[in-house]
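Beneath this line is the structure, given in C-alpha cells, with notes to follow.
Numbers here simply count residues along the sequence, with the first being 1. Please read these numbers as outputs of a predicted model, since none were measured by experiment.
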Amino acid sequence: MNERGVLVVEDEHAIAEAVRARLASEGYRVRVVHDGPDALIAAAEERPDLVVLDLMLPGMDGLEVCRELQKDAWVPVLMLTARAEEADTVAGFAVGADDYLTKPFSMRELTARVRAIVRRMERINQATSTEPIARFDLTVDAARRRVLRAGEEVLLTPLEFEILLTLARAPGVVFSRDQLMDRVWGYRDFAGGRVVDSHVARIRRKLGDEAAEPRYVRTVHGVGYAFKEDGAG
C-alpha cells in the first residue's frame, strides 16, 4: 500500500468522488473536503503529502487556499481549473502551485501527475552529498536546498530550485522545454512550454535576472534555456 496522503479539495461532489476513488484504488490515503476553510483545517490535521486543489471554490478560492497552505511549510499542490487561460495558471504558480490540470481531465492523466509529483518529492527528500555549485555570485547548494545570491538567501519553491539546479549543473548546455519537463516534472504534455516558461520567469524575478540581459539564465529562442557559462558576456 502507498503510505502517501492526498487531500482533495473540490466543490463538485461527483468530481471529488471520482478523484477520491481513483487515488484510493492506487493505494493513496485520501481525504476529501469541498471548500477552502475546510481545506485549511484538513491540511492542519492530516499534513498531506500532496493537495489536489480546485481553483474555483466557495468561501475561499483555490489561490487563497494555496497561499495559506504554503505559509507554514511547503506542500506540493496540483491545481484543477475549468479555465485554460494563462493568467489563471500563472496566478496559481505565483502562490506556490506545482502543476495544473484543466477540466475536463482523465483519471489516468490525474494519476500520472500525482505519481510524478510524489516521485519528485522522494527525490527532493533524498539526502545528497553534492558540493554546492558556485557560478558568478550565485551559489546553489543541493544538500541544503538553498540558493545564495551575493551571500543573501533567495527563497525558491522546491520546484523552482529543481529547475535552477538542473540548469546550473550544466552551464552552457541548452535544455529544451520538453527536456526540463522530463527531468524536473517527470513527464511532458502539450502545455509544458507555458508551465516551464512561467516557472523560469519567476526564478528570474527572484534572482533579479533580467531576461533582456541575463546574468544567470539565458533564453535560447525557439529551443529553451541554459545557465550562462563562467566568463560569458
Side-chain angles (χ1 to χ4, degrees), residues 63 66-77 79 86-87 89-100 116-117 119-186 192-233:
L63 296 178
C66 188
R67 185 182 294 110
E68 290 297 318
L69 286 174
Q70 309 297 5
K71 278 187 175 179
D72 294 328
W74 176 80
V75 58
V77 172
M79 192 161 279
E86 187 171 359
T89 62
V90 171
F93 295 145
V95 295
D98 282 67
D99 202 357
Y100 76 97
I117 291 173
R119 285 196 302 268
R120 185 166 68 246
M121 284 302 303
E122 290 172 346
R123 185 177 72 243
I124 287 172
N125 290 331
Q126 288 174 350
T128 176
S129 59
T130 304
E131 289 295 314
I133 299 169
R135 308 206 184 280
F136 306 104
D137 62 347
L138 201 68
T139 301
V140 182
D141 189 338
R144 294 176 176 82
R145 312 296 299 180
R146 296 179 69 201
V147 174
L148 300 177
R149 178 175 178 261
E152 296 292 327
E153 185 167 7
V154 179
L155 298 178
L156 300 181
T157 68
L159 190 62
E160 291 164 355
F161 183 89
E162 286 291 298
I163 296 169
L164 183 62
L165 179 63
T166 298
L167 296 171
R169 278 176 167 164
V173 175
V174 179
F175 289 87
S176 70
R177 292 168 176 82
D178 283 345
Q179 286 173 323
L180 285 171
M181 287 292 294
D182 284 337
R183 293 200 182 201
V184 177
W185 279 262
R194 293 202 307 272
V195 173
V196 172
D197 291 346
S198 294
H199 281 282
V200 170
R202 283 182 53 75
I203 293 168
R204 280 175 162 158
R205 283 197 298 273
K206 291 181 179 183
L207 295 177
D209 200 15
E210 297 293 336
E213 297 183 13
R215 300 178 62 190
Y216 313 112
V217 178
R218 66 185 181 93
T219 301
V220 182
H221 294 288
V223 182
Y225 300 97
F227 198 95
K228 293 184 69 175
E229 294 181 85
D230 290 347

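- For the pair Y225 and V220, the minimum side-chain heavy-atom distance is 4.5 Å or more.
- Within the 4.5 Å cutoff, no side-chain heavy atoms of V77 are placed close to those of V95.
- Each of V195, D197, V196 was scored for a side-chain contact (heavy atoms from CB on, under 4.5 Å) with H199, with one residue passing: V195.
- Residues Q179 and D182 have side chains not in contact (no heavy-atom distance under 4.5 Å, counting atoms from C-beta outward).
- Looking at L207 and L164, their side chains come closer than 4.5 Å, going by heavy atoms from C-beta outward.
- No more than 12 heavy atoms of other residues, nucleotides or ligands sit less than 6.0 Å from atom CD of E152.
- C66 and A97 get closest at one heavy-atom pair: SG-N, 3.6 Å.
- D141 is not listed as a side-chain neighbour of L148, based on a closest heavy-atom distance of 4.5 Å or more.
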Task: Audit row: K71, E68, salt bridge (charged side-chain N to carboxylate O under 4.0 Å, His left out) steps and yes/no - done: CA-CA 5 Å; K71 278 187 175 179; E68 290 297 318; 3.0 Å; yes

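- Between V217 and D209 the shortest side-chain heavy-atom distance falls below 4.5 Å.
- Between A168 and R135, the shortest heavy-atom distance links the atoms O-NE, 2.9 Å.
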- [ ] Would you check, one step at a time, whether the test side chain to side chain contact (heavy atoms under 4.5 Å, CB included) holds for K206 with L155?
- [x] CA-CA 8 Å; K206 291 181 179 183; L155 298 178; 5.7 Å; no

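- For the pair V174/R218, a side-chain contact is recorded, criterion being any heavy-atom separation below 4.5 Å from C-beta on.
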TODO: Show your working on side chain to side chain contact (heavy atoms under 4.5 Å, CB included) between R169 and I133 and close with a plain yes or no.
DONE: CA-CA 7 Å; R169 278 176 167 164; I133 299 169; 3.4 Å; yes

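- Atom CZ of F227 and atom OG1 of T166 lie 12.0 Å apart (nearest 0.5 Å).
- Under the side chain to side chain contact (heavy atoms under 4.5 Å, CB included) criterion, V173 pairs with A170, F175, sequence neighbours left out.
- Contact check on R145 versus E162 returns a salt bridge, with a Lys/Arg side-chain nitrogen under 4.0 Å from an Asp/Glu carboxylate oxygen.
- In this structure, D98 CG and T157 OG1 are separated by 6.5 Å, a value rounded to the nearest 0.5 Å.
- Between R120 and L159, some side-chain heavy-atom pair lies under the 4.5 Å cut-off.
- For the residue pair R149/Y216, the side-chain donor-acceptor check at 3.5 Å is satisfied.
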